[in-house]
Amino acid sequence: MEKRDKNISYLRFVITYNIVLLIPLLIVSFSVFYMVHRQHYRKIMDETAVSAERQADYFKQQIAVICAYNADCRYSKIYSRQYSANPLVSYLEIAEDLKKKESTFPFVDSMYYYFPDEERKVVSSGGTFTEDLFFSRICRMDRNLLGKMEDIGLYAVRAELYEGSSMGMVIICPLKTWMEKGKSDTQYLFYVIRDSKLMEQFGGSGMPYEDITMVSFQDQVLFSSRKGDNRALLNGSRGWEQLLEEKDYYRNITDMESGFSALTFVSKEEVSRSAVSYFRGYGIWILCSVAVGILLALYYSRKKYQSFRSLLDNNEMLEEERNLLRAENCLYELLTKEVKPGDELWERCLKSSIHINRRHLFFAVFPKIEENRELYEIFHTQMNDYSASTAYRIVLFEEMYVYLVCSDESMGDISRRLEKISGSGVKLGVGRITSDVGKIRFSYEEARRELRREQHEEQRFPGQELKALKDAAGLADSVRTVILLTELKEIVSEVKESMALCITWEVMHILNREPEEFFDGRGDGELTKEELSVFFGRMIEEQAAFSQDEEGNGNYRKKNIADILDYINGHYLDDNFTVKYMAACFDTSVSNLSHFFKKNMQVSISQYVEKIKLERAKELLADSDKKISEIAQLLRYGNSTVFIEMFKKYEGITPGGYREKIWKSRM
């Protein structure tokens with residue numbers, strides 16, 4: 001499960017780290033997709049327009065022929081009584097002429113000549129029909145329209161042909177003649193065009209997609225290439241308007257003159273379907289690009305991810321160490337300062353999960369020996385944050401356990417438990433159990449005195465305490481130093497004067513103090529334990545003052561100088577290496593770190609880093625063929641000039657001169 005969570009974090013990191021690259025990829029992908037779709041749409045509409053123009057040109061030619069026939073009939077003696085000397089022209093002559101015209105006009109299925117006068121006859125190339133027979137069986141249409149179109153040159157209507165066996169369009173051309181002044185006579189030429197002829201013309205565009213073409217005359221649809229529309233058109237269906245209102249079609253309108261128009265509808269779904277081949281290729285390209293991009297992102301992001309994880313782990317470690325140092329510092333201060341409920345130290349202790357607000361508090365001290373193993377289990381394991389009592393260890397001595405116990409148990413329960421523990425033969429010092437947090441530090445002093453009485457070592461040399469003092473001084477941990485000096489001061493007051501003097505000499509050596517500043521030329525034998533106690537008091541005051549200075553700068557313990565040197569040597573070439581960043585890593589201020597480093601190394605941090613870089617530069621100049629500029633960049637100098645000036649400052653020679661000197665000495 002842990003591995004799975006880590007992998008998810010890695011994928012999330014890859015996506016987040018490469019999000020800047022994903023955004024332009026998506027923008028480009030959608031832009032190209034839109035461009036391809038737009039170009040395909042334009043291609044189809046251009047092809048549709050070209051096809052419609054070709055169909056319109058042919059239809060215009062047919063209408064031009066009809067208009068020519070109409071003009072010919074208007075001024076022919078066969079059809080016009082105005083130009084006939086003998087108006088009694090036989091129907092046979094008309095039929096023969098119509099047959100002749102039909103043979104040269106294949107677009108029209110048949111032609112009819114209609115006399116609406118008293119004869120009420122319809123003449124065709126196949127014979128003569130009565131008016132009723134023609135309009136009821138041959139060509140079913142509304143004959144009332146004829147009276148409205150005497151002054152119109154050409155008109156077209158929808159009709160049912162040949163007893164309903166087929167549908168078609170009828171083009172009507174009125175022939176207006178004058179028999180005598182003030183009176184006129186009108187006949188009509190009917191040009192019947194079946195839907196099959198129109199379907200041949202408008203039904204197949206030859207495109208790789210389906211389309212619908214409708215032919216209209218003066219906004220009245222007369223033909224549709226879609227199946228099922230033509231029968232409905234006879235009943236007045238408004239198919240044209242319905243398609244115009246739909247949003248799933250592209251439209252192209254072509255004017256065919258003489259009142260005719262052609263409207264071509266192309267389904268958007270058909271356009272998209274016809275573009276599948278384009279989109280398939282584009283999709284494959286996108287998928288391949290994304291796959292390659294993901295592989296490259298996974299490959300090149302691994303190192304960045306490892307650095308990222310290392311930084312997170314380091315931050316977590318620093319946070320945990322910082323919290324431990326804060327809690328440890330609070331415990332140290334409880335031994336040196338008076339705390340009151342609600343004050344600043346009280347709040348910091350509670351914030352660090354040190355429950356000094358419980359009912360009873362006391363200290364327990366015992367040595368690290370085999371007989372006390374059970375004690376360690378009791379205080380370190382059984383007393384935890386989930387019980388009524390909690391024990392907090394304070395690291396003062398390497399071979400000694402010091403615990404602050406905070407408990408909500410009753411005084412009787414605590415006493416019985418301690419009596420039971422003491423009766424098992426362990427060596428244990430327990431301070432006074434108190435409910436006043438301000439007296440807690442006196443409980444520690446009592447616990448230490450009781451342990452010394454228990455061990456019968458009042459006159460022993462305090463080697464353990466001196467060793468702990470040396471460690472605290474090496475870490476510049478002034479708070480712990482104050483506690484240990486207080487401990488040693490009490491020991492000095494209890495031992496003989498000769499041992500007290502030896503202890504004092506060791507303390508002065510550990511704290512780097514000169515004997516003259518205290519002894520002032522007096523002999524050793526002239527010193528009393530009271531004077532030695534004064535000396536310890538002065539040391540305690542100085543360390544306490546230094547502790548207050550540290551408190552204003554973060555209240556954190558510094559690391560050993562060896563740790564600082566190790567950190568510098570391992571990170572001085574990092575991009576984020578600064579004294580400020582290093583101070584944060586060691587939980588202290590820049591001034592404290594710089595002062596501590598200068599005190600121990602006699603050089604500043606920047607001078608020490610320059611020394612390291614100089615030694616590294618000399619190695620590279622002597623053992624590699626890298627250019628001066630490359631070495632300057634490797635050692636994080638701003639430019640070659642800064643590097644050359646630094647090298648010349650310390651070595652008295654340029655990097656190039658140094659390399660030449662080294663190489664000559666090897667020849």
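Residue numbers run from 1 in the order of the sequence given. The analysis underlying the following values was restricted to heavy atoms, covering all of them including side chains, and did not include hydrogens, waters or symmetry mates.
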(message) Quick check: closest heavy atoms across Ala327 and Ile354, and the distance to 0.1 Å?
(response) O-CD1, 3.5 Å
(request) Show your reasoning for whether side-chain contact (heavy atoms from CB on, under 4.5 Å) applies to Tyr392 and Val405. (result) CA-CA 6 Å; Tyr392 305 95; Val405 181; over 6 Å; no
(message) Would you say CD of Gln633 has more than 12 non-hydrogen atoms from neighbouring residues, nucleotides or ligands within 6.0 angstrom?
(response) no
(request) Would you give the length of the straight line joining atom CD1 of Ile440 to atom CD1 of Ile433, rounded to the nearest 0.5 angstrom? (result) 12.0 Å
(message) Within the 4.5 Å heavy-atom criterion, are Ile605 and Tyr608 side-chain neighbours or not?
(response) no
(message) What I'd like to find out is whether the side chain of Leu485 reaches to under 4.5 Å of the side chain of Val507, using heavy atoms alone.
(response) yes
(request) Taking the six-membered ring for Trp and the full ring for Phe, Tyr or His, determine whether the centres of Tyr401 and Phe366 are under 6.0 Å apart. (result) yes
(message) As an exercise, state the distance from CG of Asp623 to CD1 of Ile662, rounded to the nearest 0.5 Å.
(response) 9.0 Å
(request) For Glu450 and Val430, work out which heavy atoms get closest and say how close. (result) OE1-O, 2.5 Å
(request) Any chance you could measure Leu621, atom CG, to Lys661, atom NZ, to the nearest 0.5 Å? (result) 13.0 Å
(request) Provide the closest heavy-atom pair for Arg659 versus Leu620 in the form atom of the first, atom of the second, distance. (result) NH2-O, 3.6 Å
(message) I'd like to know if Glu445 and Arg448 make a salt bridge, using a cut-off of under 4.0 Å between side-chain N and carboxylate O.
(response) no
(message) Looking at every non-hydrogen atom in both residues, tell me the closest pair between Leu484 and Leu396 and how far apart they are.
(response) CD2-O, 4.1 Å
(request) Dump the intermediate steps for side-chain contact (heavy atoms from CB on, under 4.5 Å) on Thr486 and Leu335, then the final yes or no. (result) CA-CA 10 Å; Thr486 304; Leu335 297 177; over 6 Å; no
(request) Please tell me if the side chains of Tyr332 and Ile394 come closer than 4.5 Å, counting only heavy atoms from C-beta onward. (result) yes
(message) Is it the case that over 12 heavy atoms from other parts of the model lie below 6.0 angstrom from the NE2 atom of His571?
(response) yes
(request) Return the minimal non-hydrogen interatomic distance between Arg432 and Phe362, and the atom names on each side. (result) O-CB, 3.6 Å
(request) Answer yes or no: is there an ion pair linking Asp343 with Lys340, defined by an N-O contact shorter than 4.0 Å? (result) no
(message) Using 0.5 Å steps for rounding, measure from the CD1 atom of Ile378 to the NZ atom of Lys420.
(response) 8.5 Å
(message) Quick check: do Tyr658 and Thr654 have side-chain heavy atoms less than 4.5 Å from each other?
(response) no
(message) Using a 3.5 Å distance criterion without hydrogens, assess whether the side chain of Asn372 forms a donor-acceptor pair with backbone atoms of Lys427.
(response) yes
(request) Could you go through the side-chain contact (heavy atoms from CB on, under 4.5 Å) check for Ile568 and Ile612 one step at a time? (result) CA-CA 9 Å; Ile568 293 175; Ile612 298 175; 3.8 Å; yes
Side-chain donor/acceptor pairs under 3.5 Å, residues 636-649, sequence neighbours excluded:
| from | atom 1 | to | atom 2 | distance (Å) |
| --- | --- | --- | --- | --- |
| Arg636 | NE | Leu573 | O | 3.2 |
| Arg636 | NE | Asp575 | OD1 | 3.0 |
| Arg636 | NH1 | Leu634 | O | 3.4 |
| Arg636 | NH2 | Leu573 | O | 3.4 |
| Arg636 | NH2 | Asp575 | OD1 | 3.4 |
| Tyr637 | OH | Glu610 | OE1 | 3.0 |
| Asn639 | OD1 | Thr641 | N | 3.1 |
| Asn639 | OD1 | Val642 | N | 3.0 |

(message) Looking only at the aromatic ring of each residue, does the gap between the centers of Tyr403 and Phe363 stay below 6.0 angstrom?
(response) no
(message) Rounded at 0.5 Å granularity, tell me how far CE in Met400 sits from CD in Gln464.
(response) 4.0 Å
(request) Step through the shown structure and confirm whether more than 12 heavy atoms of other residues, nucleotides or ligands are within 6.0 Å of CZ on Arg359. (result) yes
(message) Between Glu651 and Lys618, does any side-chain N to carboxylate O distance fall below 4.0 Å?
(response) yes
(request) Give a yes or no on whether a salt bridge exists between Glu333 and Arg348, defined as a side-chain N under 4.0 angstrom from a carboxylate O. (result) yes
(request) Using atom types as modelled and distance alone, determine if a side-chain donor or acceptor of Lys613 lies under 3.5 Å from a backbone N or O of Leu635. (result) yes
(request) Indicate yes or no: at least one non-hydrogen side-chain atom of Met411 is less than 4.5 angstrom from one of His360. (result) yes
(request) Verify the neighbour count for atom CD of Glu630: are there more than 12 heavy atoms of other residues, nucleotides or ligands below 6.0 Å? (result) yes
(request) Using a 4.5 Å cut-off on heavy atoms from C-beta on, say whether the side chain of Pro367 contacts that of Leu451. (result) yes
(request) Specify the closest pair of heavy atoms between Ile510 and Leu466, including all atoms of both residues, with the distance to one decimal. (result) CD1-O, 3.5 Å
(message) In the structure I gave you, are the side-chain heavy atoms of Ile503 and Glu506 within less than 4.5 Å of one another anywhere?
(response) no
(request) Any chance you could measure Ser415, atom OG, to Glu409, atom CD, to the nearest 0.5 Å? (result) 10.5 Å
(request) Determine whether the side chains of Ser389 and Arg358 contain a donor N or O and an acceptor N or O closer than 3.5 Å. (result) no
(message) Are more than 12 heavy atoms, taken from residues, nucleotides or ligands other than Asp574, located less than 6.0 Å from that residue's CG atom?
(response) yes
(message) Is the shortest side-chain heavy-atom distance between Val395 and Leu331 below 4.5 Å?
(response) no
(request) Would you sort out whether Leu334 and Cys349 count as a side-chain contact (heavy atoms from CB on, under 4.5 Å), showing the intermediate values? (result) CA-CA 9 Å; Leu334 289 175; Cys349 288; 4.1 Å; yes
